[in-house]
Amino acid sequence: MSIEVRNIHKNFGQFKALNNVSLKVENGELLALLGPSGSGKTSLLRIVAGLDFHDAGQVLFSGQDARDQKVKDRGVGFVFQHYALFRHMTVFENIAFGLRVQPRPVRPSEQKIREKVTELLKLIQLEWVVDRYPWQLSGGQRQRIALARALAVKPRVLLLDEPFGSLDAQVRKELRLWLRRFHDESHITTLFVTHDQEEALEVADRIVVMNQGRIEQVGTPEDVYHNPVNAFVLNFLGNVNFFHCRLAEGKAIIGDTALEVPGLSVDQPKAAKLYVRPNQFRLSRGPGKGTSLKAVVEFINPAGTLVKVNLKADTGERLHVEITQEEYRQLKLVKAMAVFVSLKDVSYSEYVQTAA
Amino acid sequence: MNTRTEPVVIRRLFIGIALGFFGLFIVLPLICVFYHAFSKGWVVYLQALAHPDALAAMRLTVITALVAVPLNLVFGVAASWAIAKFDFKGRDLLLSLIDLPLSVSPVIAGLIFVLIFGAQGALGPWLRAHNIHVIFALPGIILATIFVTFPMVARELIPVMRSQGNEEEEAALTLGASGWKTFWMVSVPNIRWGILYGIILCNARAMGEFGAVSVVSGHIRGLTNTLPLHVEILYNEYQSAAAFAAASILVLLAIVTLVAKTVIEAVIRRGHTA
């Protein structure tokens, strides 16, 4: 089922939680709502579920206005950040709940309920916890039970509110891969809220970046990461270094150092903000070809796939740079060592925001 | 971890003071009640309890509690549900109004009903014309009891419900449950120990209430005397053994309440830490 929201407005008193938001989630898509807290992503999810009400605009399920549909009739599976499992019921009763509350004529038999619950427990690989209570389970197990409970009623859409937000990093990674695999098999239209850009980039078909009640950008992970429409999206989707500079033909002038920016063309020199991802720097021991920025190594963290290096440039800027282990070995970097920084040959122009 | 740095003497002194107060003001009076109750032997004790007036007083007390507690239970659950789960105008006002009976002297509470339903009261003439007796009759006693026990259930449930939040109810709704089913299958089971706790406290107060009931009852022997009023009458008539015998029933009720309260608190705590 596709979901469409049109021109949604939602205010909490003076606070504009959602300000004219329009979005279409295609049938079978896995879409991430990404943004900082207070950006309106959870409000939007709750409005789609029918748990909150918008002040203006429309919510459409497969083209049908859902205004008069109550929560229970919308066919949404909702998974809460804090699981919201029924604390006084066993895992079995939790998962069976949605089947048991169906009206008598369509309610499955006890035998069918048992089969369905067993099937779902198998799907989430937790058959052995069937008689336990939620408080006897770990966070990751609880969240999988919550997913199974939502799936029991065969929802037309799955709505997940920060589903992995309160789990350990390790469990979080496992579960999001599991979610991706599950979606690849089930193709159930899924909308999930997260403030973790890595999670969104890794799991979603498309990402909706939200900020202050508005949608900043919608696109594939590749798209929003490499072609951000503004500094907010760029910032939110990963670490980035930021310079005040003047841009001239092929050069960014920072302080009195002119740094080469390959492929940049500017009609006349302009003041600008320059954004550079940590992996878009090149470090060398001596001044390389062209101009480069001189800097001192402040901190090195070699524990990881990439080596993280913090530098302080002569111009005063602090830079976060990531280099490969191989580069790190060749450079023989140590603390307090002087290095030269230049920009790699990548497309930067979209990272350049010309200020007035 | 040993953080106790006070000298032993001071520690013992404070513990001694606490125990002394406890003994003087709680234990000693309780022993006195039973001592006086049995001062003339088992036979007098049982006779005092089996006296028709005593039995009538007990029956009236039980009837009053049987009406007042369920009504306050319904009210308490409804009010705490509304206050804890919904945001509406006047919520804070309702919250403070619920506490009103706790801050008003019970005598005033009784007087309010006399002023409304009494012979000279606002509704007095109308009630007399329709031959309905409220003051100096069972309805007045029940009304006064409901008034003073009004906050008991709601007070217990509001913090419990607030701490549990709305998510389980919302989950139930998304799973296709109606509001009614959600209430009975999710909300009520989650507060069942809180409800029991509230009922016990409410019941103890309903059966023990003196001031408000005293004003509206009229002290008609065998008719409008509750157990606490019965105790007072016997005592004023210098039948101290009988008075303390009746009082011992109230004390036993208090002890049972205390034990039940402790057990339920332990259950609730286990539920929280688990």
Side-chain angles (χ1 to χ4, degrees), chain A residues 12-13 42 45-46 48-52 69-89 93-104 106-107 132-137 142 145-162, chain B residues 77 80-82 84-93 156-199 263-274:
Chain A
F12 293 107
T42 294
L45 196 75
R46 290 174 59 86
V48 170
L51 292 171
D52 267 337
Q69 275 188 324
K70 287 188 184 153
V71 187
K72 72 185 187 80
D73 302 320
R74 291 199 180 189
V76 299
F78 201 100
V79 174
F80 296 81
Q81 179 178 2
H82 299 292
Y83 331 122
L85 293 176
F86 305 126
R87 70 192 82 194
H88 63 282
M89 294 185 200
E93 289 303 324
N94 262 283
I95 298 176
F97 183 88
L99 302 170
R100 289 206 198 287
V101 296
Q102 285 177 3
R104 202 174 291 278
V106 294
R107 191 187 305 162
R132 302 222 180 160
Y133 283 89
W135 54 267
Q136 295 172 304
L137 306 175
R142 285 185 219 184
I145 301 297
L147 261 161
R149 181 179 68 176
L151 292 172
V153 289
K154 288 203 189 314
R156 299 183 293 169
V157 288
L158 201 52
L159 306 173
L160 313 169
D161 185 11
E162 303 250 4
Chain B
V77 171
S80 47
W81 165 270
K85 307 274 177 182
F86 299 97
D87 205 1
F88 56 90
K89 270 196 179 140
R91 189 175 69 165
D92 292 336
L93 185 69
E156 290 310 315
L157 292 183
I158 290 168
V160 177
M161 282 187 164
R162 277 205 168 152
S163 73
Q164 289 179 347
N166 281 347
E167 281 200 342
E168 286 181 49
E169 279 84 1
E170 287 180 347
L173 292 176
T174 63
L175 289 166
S178 60
W180 185 246
K181 275 183 178 163
T182 301
F183 179 74
W184 286 108
M185 295 175 75
V186 176
S187 305
V188 171
N190 275 346
I191 54 168
R192 60 192 191 277
W193 290 107
I195 288 178
L196 196 55
Y197 191 83
I199 287 175
V263 169
I264 292 170
E265 271 174 354
V267 170
I268 291 175
R269 236 192 342 269
R270 209 168 45 236
H272 274 295
T273 51

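All chains are named by letter (A, B, ...) in the order of the sequence lines, taking the proteins before the strands, and each is independently numbered beginning at 1. Note: hydrogens, waters and symmetry copies are ignored here, and every other heavy atom, side chains too, is used. Model, not experiment: these values are computed from the prediction.
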Max heavy-atom pair count under 4.5 Å with chain B, selected residue of A/V153, A/L51, A/D73: A/L51
- prompt: Does any heavy atom of chain B fall under 4.5 Å from the side chain of A/V71, the backbone, both, or neither of them?
  reply: both
message: Nearest 0.5 Å, please: how far is CD1 in B/I191 from NE2 in A/H88?
response: 11.0 Å
- request: Please state whether the side chain, the backbone, both or neither of A/F97 comes within less than 4.5 Å of a heavy atom of chain B.
  value: side chain
message: Once rounded to the nearest 0.5 Å, what's the spacing between atom CZ of A/F86 and atom CD of B/E169?
response: 8.5 Å
query: So which of A/G98, A/A49, A/A84 has the biggest tally of heavy-atom pairs under 4.5 Å with chain B?
result: A/A84
field: Closest approach of A/M89 to B/M185 (non-hydrogen atoms, all atoms of both residues)
entry: CE-O, 3.6 Å
- request: Identify which part of B/T182 has an atom lying under 4.5 Å from any heavy atom of chain A, answering side chain, backbone, both or neither.
  value: neither
query: How many angstroms lie between CZ in A/R149 and CG in B/L175, if you round to the nearest 0.5 Å?
result: 5.5 Å
message: Just so I know, are the side chains of A/F78 and B/E170 near enough to count as touching, which here means a heavy-atom distance under 4.5 Å?
response: no
message: Using 0.5 Å steps for rounding, measure from the CZ atom of A/R74 to the OG1 atom of B/T174.
response: 12.0 Å
- request: Starting at CD of B/E167, measure out to CD of A/Q81 and round the result to the nearest 0.5 Å.
  value: 8.0 Å
- request: Give, for atom CZ of A/F12 and atom CG of B/D87, the distance between the pair rounded to the nearest 0.5 Å.
  value: 10.5 Å
query: So what's closer than 4.5 Å to chain B heavy atoms on A/R46: side chain, backbone, both or neither?
result: side chain
- request: Side chain from CB out, backbone as N, CA, C, O: work out which of these in A/L85 comes under 4.5 Å of a heavy atom of chain B, or both, or neither.
  value: backbone
field: Shortest non-hydrogen contact between B/A177 and A/K72, atoms and distance
entry: O-CD, 3.6 Å
